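Working notes, structure below.
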There are 2 protein chains.
Amino acid sequence: MHEIDQVRGFNRAVTRRIGLLRDKFLGRGRPFGEARLVYEIGSAGIEIRELRRRLDLDSGYVSRLLRSLEGQGLVDTLPASGDARVRCARLTSRGLAEYEELNRRSDSAALSILAPLGASQRERLVAAMAEVENLLLASDVVIKPEPAGSAAAQWCLRQYFELLGRRFEAGYDPGQAAPAGADDFTPPRGIFLLARALGNPVGCGALKRSVPDIGEIKRLWVASSLRGLGVGQKILDLLEAEARKSGLKLLRLDTNKALREAEALYRKNGYREVPPFNDDPYPDHWFEKRLD
Amino acid sequence: MHEIDQVRGFNRAVTRRIGLLRDKFLGRGRPFGEARLVYEIGSAGIEIRELRRRLDLDSGYVSRLLRSLEGQGLVDTLPASGDARVRCARLTSRGLAEYEELNRRSDSAALSILAPLGASQRERLVAAMAEVENLLLASDVVIKPEPAGSAAAQWCLRQYFELLGRRFEAGYDPGQAAPAGADDFTPPRGIFLLARALGNPVGCGALKRSVPDIGEIKRLWVASSLRGLGVGQKILDLLEAEARKSGLKLLRLDTNKALREAEALYRKNGYREVPPFNDDPYPDHWFEKRLD
DNA sequence: ACATTTACCTGACTACAGTCAGATAATTAT
DNA sequence: ATAATTATCTGACTGTAGTCAGGTAAATGT
């Protein structure tokens with residue numbers, strides 16, 4: 001199939017060009033593994049367990065790498081406040097200098113791709129790279145139930161509320177809206193789904209059982225860079241499947257006219273507009289869909 | 001600068017996603033270095049020196065890898081006909097099976113990216129990948145003088161003549177055209193420039209001194225996937241620089257109306273249309289440009 | 001209070017990727 | 001004929017990346 005060939009060609013071209021650049025620019029003097037660590041520790045420092053999680057590395061290996069970086073005077077570790085088992089890695093001033101240097105090299109690597117191109121080609125390349133990046137992310141999306149109180153879930157909800165605040169003419173105040181706490185989205189009363197791409201949260205959606213047999217879709221949000229790539233559709237599909245599984249007969253939701261993409265998504269999925277079923281201050285449209 | 005950030009973001013996203021895929025799909029059982037070799041030897045076999053050149057590997061290292069593959073019964077080597085120093089590597093039937101398996105895995109890796117996406121997203125991804133691939137190639141282009149008789153130069157010229165054959169209404173027969181041999185493009189009488197991207201020829205152009213003080217631009221060709229990305233412009237710039245350096249006062253060229261991109265390029269670069277200065281059967285337009 | 005889990009560490013080990021210094025035989029240049 | 005070059009090979013070596021099996025101390029569950 002022609003699509004597959006293009007993807008394979010892309011993989012080869014990119015691993016050669018980008019891979020070579022990586023070795024050329026970042027590999028100088030310092031092993032790549034160490035550079036990765038310095039980069040990930042960053043100027044703010046980081047808990048070692050978080051470091052392990054992000055880079056998906058063996059705990060012994062990370063430990064050894066940190067010892068090596070300590071030996072070079074780039075890093076020091078200190079116990080985290082609160083839990084004395086946890087340790088934090090921090091860059092020393094020399095480490096910080098190395099971090100800046102890595103950033104400069106990353107910039108140079110990027111520039112070495114852009115520099116030979118003319119202005120219009122640069123623009124095309126940058127646009128196409130953004131498109132590929134977002135679609136690769138979209139193709140990696142995994143949607144799973146998540147405790148509504150978890151840090152990742154809370155982060156998504158903050159993004160969602162901020163979006164509402166920006167979009168709504170009069171802003172958005174969670175206090176004024178119909179209250180819905182983590183309990184409402186916790187089984188068996190409801191469920192909270194989180195979408196992750198490359199491990200990072202990029203979207204969410206929740207189902208809340210309001211009246212027996214009736215469920216309500218809430219908190220459907222997708223990171224702006226991934227909008228229009230089918231992530232919202234997937235979350236909605238899974239929420240509906242969940243609703244069917246728990247025997248709900250009807251799904252309801254409300255939305256504001258400023259959220260055009262959401263409204264289009266609901267209409268496309270067979271939600272019909274109905275008279276208001278609540279008196280929340282924010283929604284302009286109310287929808288429902290009968291499940292069979 | 002925003003462009004640089006996008007390129008860096010792309011690099012990170014792609015190395016993670018594509019890099020992980022590579023390890024997951026190709027790394028099974030066989031070291032990546034060996035897999036690369038099997039892949040590069042391919043169904044047709046290959047001279048070992050060519051293998052070294054393409055993968056840019058140490059000769060001892062390649063030798064060792066080949067011994068290992070021989071030990072596994074995947075490869076055998078035999079002297080090349082003609083030069084007894086050169087050896088050819090060929091896949092045995094077991095090696096061929098492994099090669100097919102690698103291809104299947106590459107396909108699966110590509111599919112694992114495409115599969116989670118909807119049809120329109122796939123289309124967008126494939127298009128953006130092609131765009132990125134071509135622009136990355138374009139940004140890697142290096143243009144250097146090359147003996148007009150070399151294999152790479154001859155390959156480009158074949159591509160060029162094939163293009164003429166396709167574009168011209170009446171086809172193209174090199175025998176009918178004004179003769180120009182490798183000598184005409186060899187210093188000091190002329191020069192032949194070759195554009196390579198990732199080591200592979202992707203374009204060419206030649207300068208031929210016809211009358212004292214007058215040069216002629218000929219054989220300007222760019223691979224179709226890289227057209228419109230500034231490669232032709234660069235070749236032309238270098239040919240003009242070369243002409244100036246050797247003291248030419250006037251540059252001439254002729255072209256056929258079917259080669260619209262070329263004509264646009266010449267006009268953009270200050271070539272003015274003039275009456276025919278030769279009676280070749282193929283050109284429809286004649287141009288010249290005074291050098292200062 | 002005691003067992004279990006969590007976070008981190010050390011030591012011992014492996015595989016992979018690659019480099020470098022010759023050695024040998026065939027070919028080409030002078 | 002002889003020297004220089006080319007293509008390949010072998011042996012000895014290095015550095016990087018990573019795994020695995022324990023071990024210690026702090027925190028948590030019961």
Side-chain angles (χ1 to χ4, degrees), chain A residues 15-16 19-20 22-41 45-72 74-90, chain B residues 15-16 19-20 22-24 26-41 45-72 74-90 147 150-151:
Chain A
T15 49
R16 281 184 74 177
L20 288 180
R22 198 197 70 176
D23 299 345
K24 190 171 153 201
F25 283 92
L26 300 182
R28 301 236 242 188
R30 193 166 311 291
F32 182 63
E34 290 186 4
R36 249 160 102 205
L37 238 65
V38 167
Y39 196 85
E40 206 63 49
I41 294 171
I46 190 175
E47 289 185 358
I48 293 180
R49 59 180 172 183
E50 174 66 9
L51 203 53
R52 265 200 318 263
R53 200 191 62 74
R54 283 208 205 159
L55 301 175
D56 191 33
L57 293 176
D58 176 83
S59 119
Y61 185 34
V62 168
S63 198
R64 198 172 327 282
L65 286 172
L66 285 173
R67 289 304 82 73
S68 160
L69 290 170
E70 273 180 347
Q72 295 166 63
L74 301 176
V75 163
D76 55 5
T77 60
L78 58 169
S81 57
D83 190 333
R85 290 170 304 180
V86 182
R87 293 182 74 77
C88 273
R90 233 182 23 185
Chain B
T15 48
R16 281 184 75 176
L20 288 180
R22 196 197 72 177
D23 298 344
K24 190 171 153 199
L26 299 182
R28 301 234 244 188
R30 192 167 312 291
F32 182 62
E34 289 185 4
R36 250 160 102 204
L37 235 67
V38 167
Y39 197 84
E40 207 63 49
I41 293 171
I46 190 176
E47 288 185 358
I48 292 180
R49 57 180 174 185
E50 174 66 8
L51 203 53
R52 263 201 320 264
R53 200 191 62 75
R54 283 207 206 162
L55 301 175
D56 190 32
L57 293 176
D58 176 85
S59 114
Y61 185 33
V62 168
S63 195
R64 198 172 325 281
L65 286 172
L66 285 173
R67 288 304 82 70
S68 160
L69 290 170
E70 274 180 347
Q72 296 166 63
L74 300 175
V75 163
D76 56 5
T77 59
L78 58 168
S81 55
D83 190 334
R85 290 170 306 179
V86 182
R87 294 182 73 78
C88 274
R90 232 181 26 184
S150 79

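Remember, it's a predicted structure, so these values are computed and weren't measured experimentally. Below, chain A is the first sequence line, B the second, and so on; all start at residue 1.
Ranking D:dA7, C:dC9, C:dA17 by closeness to the A:Ser59 side chain, first place goes to C:dC9. Side-chain atoms of A:Asp83 lie closest to D:dA27 of the nucleotides D:dA27, C:dT19, D:dA17. Listed candidates were C:dC8, D:dA17, C:dT19. Nearest to the side chain of A:Tyr61 is D:dA17. Candidate nucleotides C:dG18, C:dC8, D:dA26 were compared by shortest atom distance to the side chain of A:Ile48, and C:dC8 ranks first. Side-chain proximity of B:Pro31 to the nucleotides C:dC16, D:dG18, C:dC20 is greatest for C:dC16.
Side-chain atoms of B:Arg85 stay outside donor-acceptor range of the base of D:dT8, with no qualifying N/O pair under 3.5 Å.
For B:Arg64, no side-chain nitrogen or oxygen approaches OP1 or OP2 of D:dC9 to under 4.0 Å. Between C:dT10 and A:Arg67, a contact under 4.0 Å exists linking OP1 or OP2 to a side-chain N or O. For C:dC9, the OP1/OP2 oxygens have a side-chain nitrogen or oxygen of A:Arg87 closer than 4.0 Å.
A:Leu57 places its CG atom 16 Å from the P atom of D:dT16, with the value rounded to the nearest Å. Atom CZ of B:Arg52 and atom C1' of D:dC9 are 10 Å apart (whole Å). Between the C1' atom of D:dT6 and the CD atom of B:Glu47 lies a distance of 13 Å, rounded to the nearest Å. Here the P atom of nucleotide C:dC16 and the CG atom of B:Asp58 are 18 Å apart, to the nearest Å. At whole-Å resolution of the value, CZ in A:Arg30 and P in D:dA17 are 12 Å apart. When rounded to the nearest whole Å, the span between CG of A:Leu69 and P of C:dC8 equals 16 Å. Separating the CD atom of A:Glu34 from the C1' atom of D:dG15 is a distance of 11 Å, rounded to the nearest angstrom. Distance A:Arg49 CZ to C:dT5 C1': 13 Å, rounded to the nearest Å.
With 3.5 Å as the limit, one finds a donor-acceptor pair spanning the side chains of B:Ser63 and B:Arg67.
Taking both residues in full, the closest heavy atoms of B:Leu69 and B:Glu34 are given as CD2-OE1, 3.8 Å, listed atom of the first, atom of the second, then distance. Nearest heavy-atom pair across A:Arg54 and B:Arg16 is O-NH2, 4.5 Å.
B:Gln72 is not listed as a side-chain neighbour of B:Val38, based on a closest heavy-atom distance of 4.5 Å or more. Annotation: side chain of A:Arg36 is not in contact with side chain of A:Leu65 (no heavy-atom distance under 4.5 Å).
If you check every strand for non-hydrogen atoms under 4.0 Å, B:Gly33 touches sugar and phosphate atoms only.
Comparing B:Glu70 and A:Gly60 along DNA chain D, the residue whose closest nucleotide (by nearest heavy atom) sits nearer the 5' end is B:Glu70.
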